[in-house]
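Residue numbers begin at 1 in each chain, while the letters A, B, ... track the order of the sequences.
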Amino acid sequence: MLISEPTLREKLEENYSHLFESKFLDEIIKVGFRSSIKRGGLLIDIGEEMTHIPLILSGVIKIIRKENKKELVLYFLEHGDTCAISFANCINRQQSIFKGIVEEDVDMVLLPVDKIDKWLVKYESFRHFIIDSYHFRLLEMVESIDDLAFLKMKERLLKYLKNIANTSNDLNLEITHQEVATDLNTSRVVITRLLKELHDEGKIYSKRNKIEILEN
DNA sequence: ACATTAAGTGATT
DNA sequence: AATCACTTAATGT
């Protein structure tokens, strides 16, 4: 996709103009690569090195922690977000500690590492953006830990489902019990039973490959 | 019609 | 809440 495509500036302005001055947007457009990944695609895997920092224009990315075959979903990234962890990874040439899977077709601009250092000094807005991103991700991470420690699986499940519904702006989720189980690092049987309970309580409606959120 | 994949369930730990 | 073992239902070829 060409960087000069007219929609790029519009999309950038739509998501980042309240953060970045137009002079900075010009630079982003000049050196950034427009890129897109389809649902199911891999943005980054654990152990890989990142060479670019993504600014997400649309779509959703699922951030996962993985430890010997077991997985746990930590949070989702959407338009206006960036992968905060990638900054440190880029600057220090460190390997990613997360896996990023595309949950909904992603459209993004990739910023090359070598520009990042200069921009951090040159643009206060960018500096603040990075620090804010880090802060927000830290809060999300703490929330994940809290959920893990203090919530029962049924509560975690409902929260997880609502979270997806929110980020994707759709109360109808196309997802299997197995996928949910994998994301929450539990077994399919457990999810099936809890979904049935939530269904009977009128909080959701579920059938094969489909879960609808009925309450907010 | 048959095979495959998704979901439901009782019993046990 | 996890695991096993099995059944039933939905879907693809």
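Within residues 177-188 of chain A, the residues having any heavy atom closer than 4.0 Å to DNA chain B are, in order of number, A/H177, A/R188. Looking at residues 194-213 of chain A, you'll see A/K196, A/R208, A/N209 sit with a heavy atom under 4.0 Å from some atom of DNA chain B.
In the model, A/E140 has no side-chain atom that pairs as donor or acceptor with a side-chain atom of A/S144 under 3.5 Å.
Once you apply a 4.0 Å limit to the heavy atoms of chain A, the touched nucleotides of DNA chain C run 5' to 3' over C/dA1 to C/dT11.
Judged purely by atom type and a 3.5 angstrom limit, A/H199 uses its side chain to pair as donor or acceptor with the backbone of A/S206.
Hydrophobic clustering places A/V31 together with A/M108 (ILVMFWY residues linked when any side-chain heavy atoms are closer than 4.5 Å, directly or through intermediates).
Partners of A/N172 by side chain to side chain contact (heavy atoms under 4.5 Å, CB included), not counting sequence neighbours, listed by chain and number: A/D170, A/K210, A/E212. Applying the side chain to side chain contact (heavy atoms under 4.5 Å, CB included) test to A/I97 and every residue at least two apart in sequence or in another chain returns A/R65, A/I85. Partners of A/H79 by ring-ring contact (aromatic ring centres under 6.0 Å, His included), not counting sequence neighbours: none found. Evaluation of the salt bridge (charged side-chain N to carboxylate O under 4.0 Å, His left out) rule for A/D26 yields A/R9 as partners, not counting sequence neighbours. Scored by the ring-ring contact (aromatic ring centres under 6.0 Å, His included) test, A/F20 finds A/Y16, A/F24, A/F129 as partners (sequence neighbours excluded).
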So which protein N/O to nucleotides 11-13 of chain B N/O distances come out below 3.5 Å?
unit_1 : atom_1 : unit_2 : atom_2 : d
B/dA11 : N6     : A/R193 : NH1    : 3.4

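Pairs engaging residues 83-104 of chain A under the salt bridge (Lys or Arg N to Asp or Glu O under 4.0 Å) rule: A/K62-A/E103, A/E71-A/K99 [sequence neighbours left out]. Screening residues 51-61 of chain A for salt bridge (Lys or Arg N to Asp or Glu O under 4.0 Å) gives no qualifying pairs among residues at least two apart or on separate chains.
Across all strands, A/T176 comes closer than 4.0 Å only to sugar-phosphate atoms, never to a base (heavy-atom distances).
Salt-bridge annotation for A/E27 and A/K115: absent, with no side-chain N of the basic residue lying under 4.0 Å from a carboxylate O of the acidic one.
Other members of the hydrophobic cluster containing A/Y205, listed by chain and number, are A/L214; membership follows side-chain contacts under 4.5 Å among ILVMFWY residues, whether direct or relayed.
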